[in-house]
Protein chains: 2
Amino acid sequence: MARISMEDVAERAGVSITTVSRVLNNTNHPVSEKTRKKVMKVIQELDYKPDISAQSLRQSFNNIIALITRDISDPYFGEMARGVTETANKYGILTFVCNTGRNPENEIQYHELLWQHRVRGIILGGGGLNLEAYKIKLQEQMNRYKDNGHKIVSLAPQGFDMDYVMIDNRGTGELITDYLIARGHTSIAYISGPQNTYTAFDRLEGYKLCLKKHNLPYDDLMIAYSDNSWKGGYEAANILLDRSIKFTGICCGNDNLAVGALRAFKERGLAVPEDVSVISIGDLPNANYTAPPLTTVRVPLYEMGAKAVNIIMSDDTQEYNANIIFKTVISERQSVSNIK
Amino acid sequence: MARISMEDVAERAGVSITTVSRVLNNTNHPVSEKTRKKVMKVIQELDYKPDISAQSLRQSFNNIIALITRDISDPYFGEMARGVTETANKYGILTFVCNTGRNPENEIQYHELLWQHRVRGIILGGGGLNLEAYKIKLQEQMNRYKDNGHKIVSLAPQGFDMDYVMIDNRGTGELITDYLIARGHTSIAYISGPQNTYTAFDRLEGYKLCLKKHNLPYDDLMIAYSDNSWKGGYEAANILLDRSIKFTGICCGNDNLAVGALRAFKERGLAVPEDVSVISIGDLPNANYTAPPLTTVRVPLYEMGAKAVNIIMSDDTQEYNANIIFKTVISERQSVSNIK
DNA sequence: CATAAAACGGAAAACGTTTTCCATGTATTT
DNA sequence: AAATACATGGAAAACGTTTTCCGTTTTATG
């Protein structure tokens, strides 16, 4: 059972491969109904499927998109990947999932490969890194893509101008801080993701802004930095608890950090939300199943991923900037208490 | 800045494209050191990268692999995907992540696409479905791949013969049941994943076998079936609690189910592990951060994914069967009590 | 009825590689 | 010195499509 080519179909149908191609792609070049039927029948019989490499080569673009993630085992990226791959599937196209393992060099290397594959579009999943050398290199790659008609969409701030579909990270940082303040909290700690990512940076900025807005004092000791993992949140919470500070509420840059913090509080005998209120950003599917269920901001990762694919697949040849901000709202659960 | 082709390199280096190809792939056809240097220099200068579509077309295979998952946002598949994509990256190859959304039809459809893409290998992430029509269709696809030299590896039982890298699901079902029994539990409930997947079926079989081995009575009412989600586990646990049965321990077919059950028990005022012991299979990264931390069987998903890629990339032309069973061990944490 | 236009179909070029085959020159063997 | 082997390089075919170009037949138009 070897591979069937267009030539096999053409031969059996008694037509030229040109005609087969035409019925398959129903171009505007007319084909008689009789011929079309005949060809279709043979295609069915032989179960012919066009070879995508050949198509790509000839058309100099293909129907592959790529999603760059930092860690696909992190439900944050998982949710995003689900949105991307499922939407892509609706278009009948496939997705390269590229996992950088949080290593900027890997990311650059991936772009070389994607370039060679002539992928139709690239979705940048993670927030950009604020490292000068990396940014320059990345921007070069982006330009090369653009110059050759590939589309790129980012799902997080990259620190330079490009099409994006994201949330207002700073505004969301404000939102969660505000939420705690509105419930009487005035001593609010913060666990942040890596400060060299724009996403984490912006969220923390929102926190600072919000404190200022409410004339609450800002204290460096109330901030702990970490990676975006459960373990990181756990360690950061412990660091905060070891400091000579007091807080009744804590904002976490994302859900993973909050889950880790929850564990740390539990170990230290602190009840949530009675002793300390916890709020975070993400609303990943398991936020319902933590103890207590987590009050967190819903980030529509799935929808964002889906939208990015739609943008890539849209046939807008006209130059346009896709600058889309998704709204965020708080999913109220049981990790925040009102102490007013 | 257009695309650079081999011809551009050849022209600039004053050689034929044949020669360029030869230095690039260092074939055994000799090329003088002088020419090689010259060509390499031009390749560097022009930053030439071969076009992969053209390579695929000519060589009739490419360096793409595919991973079929049911739900990439589930950390179970996420961990697997990380193992696959990161290992693939070491070989300089890319991975299509195909998300079926637990829909068998999608899976079949994916295989058509993958066939068209001539992917080098396919990794079946999820356990096979025990549905006759689907199985026949799937097996057809597998045969087509095999007949054309594509490699397929499954990470879970499929219900028919093929290469695999997996764990002993039945044995692991026994393992967790045994663990509870050894600690004095004699009334043990079970939350199972969908019974039409071989994975869930086998694990439950292990439970039944273990009960019999210890002369403990088996009761259908002690079993609840569900999907593999947090929500499913939550609901299943509630169903069990609503039945007129008593149990001091519960085995969960996977971590997600256990997380959901944990939540249900908490809501019902049952303490874990004081009132009910919980054990499951998976040991996903967040098992450390549940309340209480989950005693669960470590399934080396990352390593299994990595191994599958290694098998696919191995150049063994000789016919061989890769039947690899990874050992499973229990990660002891705090969700099981000894009541002896 | 003549003629322009549209319908229909095929031959061949093109996409960018790898690979087969051949040509030439140089070194080695007898 | 002749014969053989090897080193080196290029021309051209091949992979399987899409697309351009052209030719023939039919239909529409005046």
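Throughout, protein chains are lettered first and strands after them, A, B, ... in sequence-line order, and every chain is numbered starting at 1.
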Contact list for DNA chain D against residues 42-60 of chain B - heavy-atom distance below 4.0 Å: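 The stretch gives B/L57, B/R58 as the residues lying under 4.0 Å from the strand, ordered by number.
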Separation of [X] atom [atom1] from [N] atom [atom2], in whole Å?
X: B/Q116; N: D/dG16; atom1: CD; atom2: C1'; answer: 13 Å
X: A/N26; N: D/dT19; atom1: CG; atom2: C1'; answer: 16 Å
X: A/K34; N: C/dG9; atom1: NZ; atom2: C1'; answer: 13 Å
X: A/E33; N: C/dG9; atom1: CD; atom2: C1'; answer: 15 Å
X: A/D8; N: D/dG16; atom1: CG; atom2: P; answer: 9 Å
X: B/H29; N: C/dT19; atom1: NE2; atom2: P; answer: 13 Å
X: A/N25; N: D/dG16; atom1: CG; atom2: C1'; answer: 13 Å
X: B/N28; N: D/dG9; atom1: CG; atom2: P; answer: 15 Å

Inspect the contact between [Y] and [X] and indicate whether a charged nitrogen and a carboxylate oxygen are less than 4.0 angstrom apart.
X: A/K137; Y: A/E105; value: no
X: A/D74; Y: B/R82; value: no
X: B/E303; Y: B/K307; value: no
X: B/D163; Y: B/K146; value: no

Sequence neighbours excluded, every pair satisfying side chain to side chain donor-acceptor pair (under 3.5 Å) that has a member inside residues 117-135 of chain A: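 Qualifying pairs, neighbours excluded: A/N63-A/R120, A/E107-A/Y134, A/R118-B/D51, A/N130-A/Y198, A/K135-A/Y198.
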Counting the atoms with a prime plus P, OP1 and OP2 as sugar-phosphate, which does B/R36 contact under 4.0 Å by heavy atoms, base, sugar-phosphate, or nothing?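 Nothing: the residue B/R36, judged by heavy atoms under 4.0 Å, touches no strand.
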Once you apply a heavy-atom cut-off of 4.0 Å, does B/T19 come out as touching a base, just sugar-phosphate, or nothing?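 Here B/T19 touches the backbone only, sparing every base.
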Proximal nucleotide (of D/dA12, C/dG9, D/dG16) relative to the B/T18 side chain: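 The answer is D/dA12, which lies nearest to the side chain.
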D/dT17, C/dT20, D/dT8: which one has an atom nearest the side-chain heavy atoms of B/S32?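 Of the candidates, D/dT8 comes closest.
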Begin with the C-alpha distance, continue with both residues' side-chain angles, and end with the deciding distance and a verdict on side-chain contact (heavy atoms from CB on, under 4.5 Å) for A/I43 and A/K49. CA-CA 8 Å; A/I43 288 176; A/K49 297 282 157 62; over 6 Å; no
Side-chain donor/acceptor contact of A/R118 with base of C/dG16 under 3.5 Å: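 Not at all, since no donor on one side and acceptor on the other fall under 3.5 Å apart.
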Donor-acceptor pair present, B/R22 side chain and D/dG9 base, under 3.5 Å: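 Under the 3.5 Å cut-off, the side chain and the base do form a donor-acceptor pair.
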Are any of B/S21's side-chain N or O atoms less than 4.0 Å away from OP1 or OP2 of C/dT18?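 For C/dT18, OP1 or OP2 has a side-chain N or O of B/S21 closer than 4.0 Å.
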Just checking, any donor-acceptor pair under 3.5 angstrom between side chains of A/N310 and A/Y91?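 There is such a pair between these side chains.
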